[in-house]
Amino acid sequence: MSNIRQPERFAPLLLALPFVVYLVIFTLYPIVQSILFSFSRISPFFGFEGFVGLKNFVEMVSDPFFKEIFANTLIFVVVVTVADVGLGLLLSLGVERIRRGKALVTSLLVSPMLLPAVVAAVVWEIIYDPFVGPLDFLLRFLGIGTIGWLSNPSYELWALSLVVIWQTVPFSFLLILAGLQSVPPQLREAAEVDGFSTWQKLTQVTLPMIKPAIIVTVLMSMITAFRTFDVVFVFNSGGFNPYNAVLAYYAYSNAFVRGYQGEAMAMVTVLAVISTVLSLLFIRAVGLRERLGLSGGSSSPRAGQSRYTLPRFDFNIPGKLSLALAYVVLAVLGTFSFFPIVWTVITSLHASGVVVTMLPSRPLLGLKNYLTALEQGAPYLVSSFVIAPVVAAVTILIAAPAAYAIARYKLGGTKLLSWALYLYTVPSIIYLVPLYSLMAKLDLLNTWWALMMIYPVFTLPLSVWILVGFYNDLPKEIDEAAQVDGKSRIGSFFDVVLPIIRPALAVAAFFAIIASYSEFMFAVTIGSSAYAFNFPPTGTETATVFVAEGLSFGSGQVTNYALLSAAGIIVALPVIVISVVLQKYIIKGLWFGSVKG
């Protein structure tokens, strides 16, 4: 019997082997090469020309823009993180308080998160426009005057921060909301019976119970802010502007625009060090040993075991007043979330070639903008519609068995899952130069195959992380019974477990499609032209590149915001449709994938 079962010992390794091989080639190799490049002299085409020690770092520090941009980055990260956590907590408490319309309110609040970052940048490019944008119109109405959000150095970094906050607060809101929904109702009821005030319930019950979610939200907000790229690229039209540049974008600009490859790789290494520190804190916060069932007991403090030490302060808000306040908060922040999208739709309905008034005079005639955008964007959309589903399929084929091996058989202990989680938090710029160089050597630049090979770098880690949570929730008796009936470990996975977790696979596929469809940095760097409608396919610029290039729609220096808005809506629509279909699974996926220990 032991001889028959002997090969079964290798089943977990076989299930995870494609995942491990892919990570070694497409993540470990690029990270190591990026670090080595930072100590090397590099040719304009990213060829190795010998080691130079710390010369690149010395030149980086001597760069007249580096200190300013590094300071910009730190300010930007702090502002985004504080706003994300504060507004996310406020929104989650508000949604939990209301009695009706929670699903609708949640859908409206998360809508900015569903837009590709490039589309979000275009939305706010219109909002910030000093002539037809509503923001400066309101300021002029109040007698303040035009600000020049994207042209005044004093405001450019704050304008960038507001856009990123607008798009990242929904994610923080969902993470904290998932934590709130996991709080046992008995605790709240007990607090009511004990006569706790509003402040006491918040500080002694709610906050301690959602502490893991808050910690994860803080770290994720910082990680997201450090890897910001797309919005800066769009605001600067791919050029260099020290007033709103952050470190990830400056590294890209030095590598591919300004021609300072050595300095760029030194900046990439600095980002790698920062992201590694944040990743280690994030990995510690989510409690991998508990997640995989490897700890004999709870060695780390769990939610609710400790209380916050806060200043002595107390207040109580009556039930009806607290409900009214919740609706007011949700109305204000809901308007902040949804109004920019509504305004983009309104702008898209201008019939004239160039927007010269705030509201369209003939909106039905403005529908022609959508036809024009579809016609011009067809090659880019085809690339995205082919690449994203293929990447999602490859992601599921690799991630599903690997996550099963990690969750069920504890393959690699916590090391393999820790590596996946680390990769999820690393800025994309760390992979860019080595993978660009690799694709050039393979003669795959400007092809679909390049992006199909690269994009799982961004989709596999999160998919494995999410699926591990779902597998842990699945009773072990199911696959154990299949094995008793004579199925192998691999057979029980494919024949029994896989059909049961189809909703989980849908969640993982959703996030994989979103990530690959919305990706911009590699699409604009690897690609150099739109799809030529040929086979084998050449031309790999995707829908996000189409929208970014749309800022040149029109003649001269005048942007056709109507056509640009239509293009943004068209590109965002597939993501919105998919998210609506899978809405009921998304919060559960975020909970399993982020904060459940």
Side-chain angles (χ1 to χ4, degrees), residues 19-63 65-67 69-70 73 223 226-227 229 245-280 282-283 412 415-416 418-445 450-451 453-458 460-461 519 521-522 524-526:
F19 178 64
V20 174
V21 171
Y22 182 88
L23 292 190
V24 169
I25 297 173
F26 286 94
T27 66
L28 185 60
Y29 158 73
I31 291 174
V32 171
Q33 188 178 59
S34 288
I35 295 173
L36 290 176
F37 271 6
S38 68
F39 298 97
S40 310
R41 183 170 56 252
I42 309 169
S43 72
F45 297 100
F46 306 107
F48 175 76
E49 295 185 345
F51 288 105
V52 295
L54 297 175
K55 181 182 177 182
N56 292 329
F57 291 91
V58 173
E59 291 180 350
M60 176 190 73
V61 175
S62 302
D63 185 326
F65 295 114
F66 176 75
K67 292 181 181 178
I69 290 172
F70 191 75
T73 305
I223 289 166
F226 267 112
R227 62 189 183 194
F229 173 83
V246 290
L247 201 54
Y249 181 78
Y250 192 44
Y252 172 90
S253 181
N254 275 334
F256 290 95
V257 179
R258 305 178 72 217
Y260 302 130
Q261 286 81 10
E263 285 186 44
M265 300 316 296
M267 293 175 197
V268 166
T269 298
V270 170
L271 273 173
V273 171
I274 294 172
S275 66
T276 297
V277 172
L278 293 175
S279 297
L280 292 175
F282 183 65
I283 290 168
K415 295 182 179 64
L416 191 55
S418 295
W419 181 247
L421 197 57
Y422 171 74
L423 297 176
Y424 174 58
T425 61
V426 168
S428 305
I429 188 70
I430 291 175
Y431 307 114
L432 184 61
V433 168
L435 291 181
Y436 177 89
S437 178
L438 177 62
M439 293 301 116
K441 291 176 182 176
L442 297 175
D443 197 26
L444 290 176
L445 292 179
L451 295 186
M453 292 169 64
I454 292 171
Y455 279 177
V457 168
F458 314 116
L460 277 172
E519 202 281 328
M521 182 189 292
F522 279 83
V524 77
T525 307
I526 298 292

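Because the structure is predicted, anything quoted here is derived from the model rather than measured.
Between the side chain of Glu519 and the main chain of Phe522, a donor-acceptor pair closer than 3.5 Å is present. Side chain of Tyr260 to main chain of Ala251: no donor-acceptor pair is present (N/O by atom type, distance under 3.5 Å, no hydrogens or angles). Formation of a donor-acceptor pair under 3.5 Å by the Thr73 side chain with backbone atoms of Leu247 is found in this model.
Taking Asn254 as the reference, Arg258 meet the side chain to side chain donor-acceptor pair (under 3.5 Å) condition, with sequence neighbours excluded. For Glu263, the side chain to side chain donor-acceptor pair (under 3.5 Å) test picks out no residue, with sequence neighbours left out.
Pairing each heavy atom of Ala272 with each of Thr276, the nearest pair is O-OG1, 2.6 Å. The shortest heavy-atom contact between Pro30 and Tyr431 is CB-CD2, 4.0 Å. The shortest non-hydrogen separation linking Pro461 to Ala420 is CB-O, 3.0 Å.
Note on ring orientation: taking the six-membered ring where Trp is involved, the planes of Phe229 and Tyr249 are tilted (angle from 30° to 60°). Note: Phe65 and Tyr250 have perpendicular aromatic rings, judged against thresholds of 30 and 60 degrees for the angle between ring planes. Relative ring orientation between Phe256 and Phe46 is described as tilted, the plane-to-plane angle lying within the 30° to 60° band.
Looking at heavy atoms from C-beta onward, Leu271 lies out of side-chain contact with Ser275 at the 4.5 angstrom threshold. Between Leu445 and Tyr436 the shortest side-chain heavy-atom distance falls below 4.5 Å. The side-chain heavy atoms of Leu28 and Trp419, taken from C-beta on, include a pair separated by under 4.5 Å. Phe458 has its side chain within reach of Ser428: a pair of non-hydrogen atoms, C-beta onward, lies under 4.5 Å apart. Counting heavy atoms from C-beta outward, Glu49 and Ile42 have side chains that stay 4.5 Å or more apart. Inter-residue side-chain proximity for Val268 and Val433 is flagged as unmet; no heavy-atom pair is nearer than 4.5 Å. Looking at Leu23 and Leu423, their side chains come closer than 4.5 Å, going by heavy atoms from C-beta outward. Contact check for Arg227 versus Val426: no side-chain heavy atoms found under the 4.5 Å cut-off.
Between the OH atom in Tyr252 and the CD1 atom in Ile429 there is a gap of 8.0 Å [rounded to 0.5 Å]. Rounding to the nearest 0.5 Å places CE of Met60 at 11.0 Å from NZ of Lys67. Of the inter-residue distances, the one linking Ile31 atom CD1 with Leu36 atom CG reads 12.0 Å to the nearest 0.5 angstrom. A distance of 9.0 Å separates CD1 of Ile25 from CG of Leu438, quoted to the nearest 0.5 Å. In this structure, CG in Leu451 is found 4.0 Å from OH in Tyr455, a value given to the nearest 0.5 Å. Distance check: Leu460 CG to Tyr424 OH gives 13.5 Å after rounding to the nearest 0.5 Å.
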- prompt: Please walk me through it: do Ile526 and Ile454 pass side chain to side chain contact (heavy atoms under 4.5 Å, CB included)?
  reply: CA-CA 10 Å; Ile526 298 292; Ile454 292 171; 4.3 Å; yes
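Aromatic rings from Phe57 and Phe39 are positioned such that their centres are separated by under 6.0 Å. Residues Phe37 and Phe51 keep their aromatic ring centres 6.0 Å or farther apart.
For the side chain to side chain donor-acceptor pair (under 3.5 Å) condition, the pairs that include at least one residue of residues 27-47, sequence neighbours left out, are Tyr29-Gln33, Ser38-Thr269.
For Phe70, the CZ atom counts as loosely surrounded, since its 6.0 Å shell holds 12 or fewer non-hydrogen atoms of other residues, nucleotides or ligands.
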